[in-house]
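Input: a single structure, listed below in structure tokens.
Basis for what follows: all heavy atoms, side chains included, without hydrogens, waters or symmetry-related copies.
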Amino acid sequence: MTYEAFVETAERLWDEIPAEYKRGLHGLHVLEQLKPDPDEPELLRLGEYYDPGYPSVLGGFEGIGRHIALFYGSFAALAAEDPSFDWEGEIWETLLHELRHHLESLAWRDDLVQEDMENLRRYREGR
């Protein structure tokens, strides 16, 4: 899938999500880059949720807002390894995963963060 087709697919899927679930989000960004995990470079991040927090929390800055990013390069790298890679399914799953981070952030929850950390711990044990 080309970058342009990826952007179109991501935007179409994004538009299918009801507005009330996107409340408080300032944008969806589709970036061309490949995004290795900073702690585990052999793992690729397909998406990220950016929440700068409130100014009093971890030095966040007012006005930056909350965003979701998808990394085309990471999807493309995975697709290159698997001819049956389901681009649309993976985009949808990643959007929903990052959206869940957003909704939990609004509710001051970190359940998905904890799940992600547990998955990372299991990955490291399985190496």
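For S105, the side chain to side chain donor-acceptor pair (under 3.5 Å) partners two or more places apart in sequence, or in a different chain, are D51, R66. Annotation: salt bridge (Lys or Arg N to Asp or Glu O under 4.0 Å) contacts of D110 (sequence neighbours excluded): none. Under the salt bridge (Lys or Arg N to Asp or Glu O under 4.0 Å) criterion, R121 pairs with E118, E125, not counting sequence neighbours.
Between L25 and L99, the closest side-chain pair of non-hydrogen atoms falls below 4.5 Å. Contact of the V30 side chain with the Y3 side chain is registered, since non-hydrogen atoms from C-beta on lie closer than 4.5 Å. Side chains of E115 and R100 form a contact here, defined as non-hydrogen atoms less than 4.5 Å apart. No side-chain heavy atom of L103 sits less than 4.5 Å from a side-chain heavy atom of R109. The closest side-chain heavy-atom distance from E42 to Y123 is below 4.5 Å. A 4.5 Å side-chain heavy-atom check between E90 and L46 finds at least one atom pair inside the cut-off.
Counted by atom type alone, H29 and H67 present one or more donor-acceptor pairs between their side chains at under 3.5 Å.
Counting all heavy atoms, side chain and backbone alike, A5 lies closest to T2 at N-OG1, 3.0 Å. Of all the heavy atoms in H101 and D116, the pair that sits closest is NE2-OD2, 3.0 Å. Across all non-hydrogen atoms, the minimal contact from P41 to P36 is O-CB, 3.6 Å. The two residues Y50 and A69 make their nearest non-hydrogen contact at CE1-CB, 3.5 Å. Taking each heavy atom of A79 and F85 in turn, the nearest pair found is CB-CD2, 3.5 Å. Closest heavy-atom contact between L95 and A10: CD1-O, 4.0 Å.
The distance from atom CZ of F75 to atom OG1 of T9, rounded to the nearest 0.5 Å, is 10.5 Å. Put simply, CH2 on W14 and CD1 on I91 are 13.5 Å apart, with the number rounded to the nearest 0.5 Å. Atom CD1 of residue I68 and atom OG1 of residue T94 lie 10.5 Å apart, to the nearest 0.5 angstrom. Note: L34 CG to S74 OG = 4.5 Å, rounded to the nearest 0.5 Å. One finds the CD atom of Q114 at 11.5 Å from the CG atom of N119 (value rounded to the nearest 0.5 Å). To the nearest 0.5 Å, atoms CG (L70) and CD (E98) are separated by 7.5 Å.
Salt bridge status for E48 with R45: present, with a side-chain N to carboxylate O gap under 4.0 Å.
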Which is it for Y49 and H102 under the ring pair (Phe, Tyr, Trp, His ring centres under 6.0 Å) test, yes or no, and what are the steps along the way? CA-CA 7 Å; Y49 172 64; H102 170 63; 5.5 Å; yes
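Without hydrogens or angle criteria, E104 side chain to D111 main chain gives a donor-acceptor distance under 3.5 Å.
In this structure, L78 is a member of the same hydrophobic cluster as L96, with clusters built from ILVMFWY side-chain heavy atoms closer than 4.5 Å. Hydrophobic clustering (ILVMFWY, side-chain heavy atoms < 4.5 Å, transitive): F6 and L44 are in one cluster. Placement of W92 and M1 within a single hydrophobic cluster is found when ILVMFWY residues are connected by side-chain heavy-atom separations under 4.5 Å, directly or transitively.
For R23, the CZ atom is loosely surrounded, since the number of other residues' heavy atoms within 6.0 Å does not exceed 12.
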